[in-house]
Every structure is written in structure tokens, then in C-alpha cells.
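One structure below.
Below, all heavy atoms of this structure are taken into account, side chains as well, without hydrogens, waters or symmetry copies.
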Amino acid sequence: MSMSNAKKWALLCQQQADLIDSLTQLLPERDDEHTHLSEHWRQMSVRIACGDVILMPKLKSD
């Protein structure tokens, strides 16, 4: 059974959070920043898994 696009994005967000958490081993002085960033990625993963639509602002083109 293949994964839906939303499930793939939710998994990617979770992996990103785990990666940021692992950075604390290399940069322990950044623990607070890593905690904040990884929590944000986990929240985004939950929102995507729940079906929330996350709209990103359009990039300006010159």
C-alpha cells in the first residue's frame, strides 16, 4: 500500500525534528534553539496528519 502525499510530508517533518534533536549532541549550547525548532516540525507533522492545509506565502518574483 502506498503512502499518501500528506503522510509522506508528515513523515518528513518528523524526520526533520529528529535530525534537529540529534544536533544537540554536536552543539549542546544550542539545545534551546533545537528544542524550539524540533517542536515546530513535530507540530507541523501533526497538523498535516490531521488534514490541516498549511499555506505558504508566495515567493516574490522580480
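In this structure, Leu19 is not a member of the same hydrophobic cluster as Leu12, with clusters built from ILVMFWY side-chain heavy atoms closer than 4.5 Å.
Applying the salt bridge (charged side-chain N to carboxylate O under 4.0 Å, His left out) test to Asp52 and every residue at least two apart in sequence or in another chain returns Arg47. For the side-chain hydrogen bond (donor to acceptor under 3.5 Å, both in side chains) test, no residue two or more places apart in sequence or in another chain qualifies with Thr35. Partners of Leu37 by side chain to side chain contact (heavy atoms under 4.5 Å, CB included), not counting sequence neighbours, listed by chain and number: Ile20.
Of the possible donor and acceptor atoms, none in the side chain of Ser38 sits under 3.5 Å from a partner among the backbone N and O of Ala17.
Annotation: salt bridge (charged side-chain N to carboxylate O under 4.0 Å, His left out) contacts involving residues 13-34, sequence neighbours excluded, comprise Asp18-Arg42, Asp21-Arg42.
Atom NE2 of residue His34 and atom OG of residue Ser22 lie 8.5 Å apart, to the nearest 0.5 angstrom. With values rounded to the nearest 0.5 angstrom, His40 atom NE2 is found 10.0 Å from Gln16 atom CD. Taking OG of Ser45 as the start and CD of Gln15 as the end, the distance is 9.5 Å to the nearest 0.5 Å.
What you find for Ala6 and Ile48 is that their closest heavy atoms are O-CG2, 3.2 Å.
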